A.B. asks: 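This structure is in C-alpha cells; I'll ask about it shortly.
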Amino acid sequence: MTYSASSQPNQGFWETEILDMLFPRSPAPSFSSQDGELVRQFGFVPGLKEILMVRQVHALEHATVWVLSNLTRSPRNSPMSWFGATTSTPADDELLGGMSTERGFYLYGEVDPEDLSRAVQTALRRLTSGEWELAVHPRCGTNLSVGMVLTTSLTLGAAFLLPRGPIEQILGMGAAALTAAYLTPELGLWAQRYITTAIPFNLAIANISSMRDPQDRPAHFVEVRWVE
C-alpha cells in the first residue's frame, strides 16, 4: 500500500553482505519460478496463493507509482520517459496513492487511463527484468506499521527497564521515540523488500477500470491474473 501525502529507496545499513546472499536483489531463474512452485507444491494450504499474489501485486503497485511519478517530471512526448531515463533520480508524485489486494490494486489520483495502462506494463517489465528497487516505496503503509510497532515496543521496554522515577521515565520514552524514528525508515524498507513485496513473475494484467472513491475522487483498479 502506498499512501498519499521521497526519494528513491536507498541502500541502508541493514543491507549487509549476509542479507544479500540470503535474499538476492537481482533476478535469477530460481526466483522467477519460486512462488509458482510453492503454489504447485502447497496449493492445498488455505490462503497461500492469495498471500503470494498480494506480495507480488504490492510490488507492482509501488513500481507503477514510481513510473507514473517519473512521467510527471519528464516530457510526455519523450519515449524514454517510460524507461526512467530522463531524470537522474526517480520522482515521487505524492498525489498518487494505492492499495493492494489479491485481485489487483487500486490507484488513487488524477491519472490518464492510457498513461496508467502503459505505466503498469512498463512497471511489470522493469521489475521482472531486474529493477527490484522499484518494488519498495518510502510512502508505503508498511513503514507506518513498522514505526508504530517499533515505537510501542521500545517505549514499553524503556518503561519496564528504567527506574520508576518520573524523570527517568520521561527521558526513557523520549530516547525510545527518537530511536524508533531513526530506525523506522531503514526497517520499513527492509520489511517491504523481504516480507511484504515480491517480484511479480506470476502476474499478468487482466483489466484496468476507472471509478470514484468514497470521497468522489478519481480512482482506478488494475486487475491482475495469476500465470505459471
Side-chain angles (χ1 to χ4, degrees), residues 1-2 8-11 14-15 17-71 82-85 90 96-107 115-143 188-209 220-228:
M1 178 176 182
T2 309
Q8 182 182 18
N10 295 320
Q11 186 178 30
W14 292 100
E15 297 303 313
E17 293 183 2
I18 294 178
L19 283 176
D20 285 341
M21 287 189 294
L22 293 176
F23 305 96
R25 289 175 292 142
S26 298
S30 59
F31 271 70
S32 64
S33 60
Q34 186 176 62
D35 284 357
E37 186 63 28
L38 284 174
V39 170
R40 285 191 292 272
Q41 295 293 329
F42 303 101
F44 58 88
V45 177
L48 174 62
K49 184 176 180 180
E50 287 74 16
I51 291 173
L52 296 176
M53 284 193 71
V54 168
R55 294 179 71 227
Q56 293 195 20
V57 170
H58 198 185
L60 182 60
E61 174 208 324
H62 288 172
T64 301
V65 171
W66 280 123
V67 173
L68 286 170
S69 298
N70 190 71
L71 180 65
W82 293 102
F83 296 87
L96 296 177
M99 183 178 70
S100 296
T101 74
E102 73 278 4
R103 295 176 48 247
F105 67 89
Y106 294 91
L107 186 76
D115 285 347
L116 175 58
S117 178
R118 294 174 63 187
V120 172
Q121 297 291 347
T122 299
L124 182 60
R125 176 186 54 75
R126 290 176 63 180
L127 278 171
T128 56
S129 296
E131 297 184 58
W132 284 24
E133 70 278 2
L134 296 176
V136 299
H137 200 284
R139 289 190 290 110
C140 178
T142 300
N143 292 23
L189 294 179
W190 184 90
Q192 287 184 63
R193 183 172 287 121
Y194 302 123
I195 300 175
T196 64
T197 69
I199 305 305
F201 290 116
N202 300 103
L203 297 186
I205 311 303
N207 186 48
I208 299 177
S209 55
H220 304 269
F221 184 67
V222 179
E223 184 181 356
V224 300
R225 59 183 176 85
W226 181 269
V227 295
E228 295 295 338

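Predicted model only: the values in this text are computed from it and were never measured.
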A.B. asks: Would you indicate whether the side-chain heavy atoms of Arg40 and Glu228 approach each other to under 4.5 Å?
C.D. replies: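 Contact flag for Glu228/Arg40 side chains = yes.
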
A.B. asks: Walk me through whether Ile205 and Leu60 qualify under side-chain contact (heavy atoms from CB on, under 4.5 Å).
C.D. replies: CA-CA 10 Å; Ile205 311 303; Leu60 182 60; 3.9 Å; yes

A.B. asks: I'd like to know if the side chain of His58 and the backbone of Thr196 have a donor-acceptor N/O pair within less than 3.5 Å.
C.D. replies: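 Side chain of His58 to backbone of Thr196: a pair is present.
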
A.B. asks: Please report the closest heavy-atom contact between Asp35 and Ala198, naming both atoms and the distance.
C.D. replies: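 The pair with the smallest heavy-atom distance is OD2-CB, 4.1 Å.
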
A.B. asks: Do Ile195 and Thr142 have side chains that get closer than 4.5 Å, going by heavy atoms?
C.D. replies: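 Sidechains of Thr142 and Ile195: no contact.
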
A.B. asks: Closer than 3.5 angstrom, by distance alone: can the side chain of Asn202 be matched with the main-chain N or O of Trp226 as a donor-acceptor pair?
C.D. replies: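 Flag not set: sc Asn202 to bb Trp226 has no pair under 3.5 Å.
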
A.B. asks: Specify the closest pair of heavy atoms between Leu127 and Ala59, including all atoms of both residues, with the distance to one decimal.
C.D. replies: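 Looking at all heavy atoms of both residues, the shortest contact is CD1-O, 3.6 Å.
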
A.B. asks: Checking Arg139 against Val65 for the side-chain contact (heavy atoms from CB on, under 4.5 Å) test, could you report, in this order, the C-alpha distance in whole Å, the side-chain angles of both residues, the deciding distance, and whether it holds?
C.D. replies: CA-CA 11 Å; Arg139 289 190 290 110; Val65 171; 4.1 Å; yes

A.B. asks: Within the side chain of Trp66, is there an N or O that forms a donor-acceptor pair under 3.5 Å with the backbone of Val136?
C.D. replies: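 At least one qualifying donor-acceptor pair exists.
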
A.B. asks: Can you tell me how far apart CZ (Arg55) and OH (Tyr194) are? Round to the nearest 0.5 Å.
C.D. replies: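 Arg55 CZ to Tyr194 OH: 12.0 Å, rounded to 0.5 Å.
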
A.B. asks: Locate the shortest heavy-atom distance separating Leu96 from Ser69; write the atom from each residue and the value.
C.D. replies: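 Of all heavy-atom pairs spanning Leu96 and Ser69, the closest is CD1-OG, 4.2 Å.
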
A.B. asks: Would you name the heavy atoms of Met53 and Val224 that are closest together and state the gap between them?
C.D. replies: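 Taking Met53 first and Val224 second, the nearest heavy atoms are CE-CG2, 4.0 Å.
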
A.B. asks: Give, for atom NE2 of His62 and atom NE2 of His137, the distance between the pair rounded to the nearest 0.5 Å.
C.D. replies: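 The NE2 atom of His137 is 7.0 Å from NE2 of His62, to the nearest 0.5 Å.
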
A.B. asks: Look up atom CE in Met99 and atom CD in Glu61, then write down how far apart they are to the nearest 0.5 Å.
C.D. replies: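 Interatomic distance, Met99 CE to Glu61 CD, rounded to 0.5 Å: 9.0 Å.
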
A.B. asks: What heavy-atom pair brings Leu203 and Leu124 nearest, and what distance separates the two atoms?
C.D. replies: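 Scanning both residues, the minimum pair turns out to be O-CD2, 3.8 Å.
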
A.B. asks: Are Gln34 and Phe201 packed together at the side-chain level, in the sense that at least one heavy-atom pair is separated by less than 4.5 angstrom?
C.D. replies: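 SC-SC contact between Gln34 and Phe201 ruled out.
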
A.B. asks: Could you go step by step and tell me if Leu107 and Val120 meet the side-chain contact (heavy atoms from CB on, under 4.5 Å) rule?
C.D. replies: CA-CA 11 Å; Leu107 186 76; Val120 172; over 6 Å; no

A.B. asks: Looking only at heavy atoms, which two atoms of Pro138 and Asn143 are closest? And how far apart?
C.D. replies: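 That closest heavy-atom pairing would be O-ND2, 3.2 Å.
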
A.B. asks: Which one of Leu116, Thr122, Leu134, Val222 satisfies the side chain to side chain contact (heavy atoms under 4.5 Å, CB included) criterion with Thr64?
C.D. replies: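 For Thr64, the side chain to side chain contact (heavy atoms under 4.5 Å, CB included) check succeeds only for Leu116.
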
A.B. asks: Taking Gln192's backbone N and O only, do any of them form a donor-acceptor pair with Thr197's side chain (distance below 3.5 Å, no angle check)?
C.D. replies: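 Yes.
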
A.B. asks: Any side-chain heavy-atom pair from Thr101 and Tyr106 closer than 4.5 angstrom?
C.D. replies: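 Yes, close enough: below the 4.5 Å cut-off.
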
